[in-house]
Amino acid sequence: MSYALLDAARVAKAAKTSLDVLKAANESSEAHQRKTIMVERIAALALAASESPKNDGVTLTSEEFWLISLNW
């Protein structure tokens, strides 16, 4: 599995956009619910990292990056 250190503010913004798209979809499957929960988690962590004094960024796995980048 590969990892990348990314700008936390940009990840938070992308995750919010992705979350908006997921919530707008008329989908109720378990897979969709899991995606939504995962993106909510990424958004919360990225927002917290962007607001930290150091703001070093946030590390995402390739899977997490792929998940939020589908809806940028």
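Not measured: the values here are computed from a predicted model.
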Colleague: Indicate if Leu6 and Val39 have the same hydrophobic cluster label, given that clusters are the connected sets of ILVMFWY residues with side-chain heavy-atom separations under 4.5 angstrom.
Modeller: yes

Colleague: Taking all non-hydrogen atoms of both residues into account, name the closest pair between Ala46 and Val11 and its distance.
Modeller: CB-CG1, 3.7 Å

Colleague: Could you tell me if the side chain of Asp20 sits less than 4.5 Å from the side chain of Lys16, heavy atoms only?
Modeller: yes

Colleague: Check whether any side-chain heavy atom of Met38 lies under 4.5 Å from a side-chain heavy atom of Glu63, and answer yes or no.
Modeller: yes

Colleague: To check you understand the geometry: which heavy-atom pair defines the closest contact between Ala43 and Ala12, and what is its length?
Modeller: O-CB, 4.5 Å

Colleague: Answer yes or no: is there a donor N or O on one side and an acceptor on the other, between the side chain of Ser18 and the main chain of Ala14, under 3.5 Å?
Modeller: no

Colleague: Closest heavy-atom contact between Ala49 and Ala8?
Modeller: CB-CB, 3.8 Å

Colleague: Let me confirm one number: the OG1-CG distance from Thr17 to Leu22, rounded to the nearest 0.5 Å.
Modeller: 11.0 Å

Colleague: Can you give me the closest heavy-atom contact between His32 and Ala25, atom names plus distance?
Modeller: CE1-CB, 4.0 Å

Colleague: Are Leu67 and Phe65 connected into the same hydrophobic cluster when the rule is that any two of I, L, V, M, F, W, Y join if their side-chain heavy atoms are below 4.5 Å apart?
Modeller: yes

Colleague: How far does OG1 of Thr61 sit from CD1 of Ile42, to the nearest 0.5 angstrom?
Modeller: 7.0 Å

Colleague: If you take all heavy atoms of Thr59 and Glu64, which pair is closest and at what distance?
Modeller: O-OE1, 4.3 Å

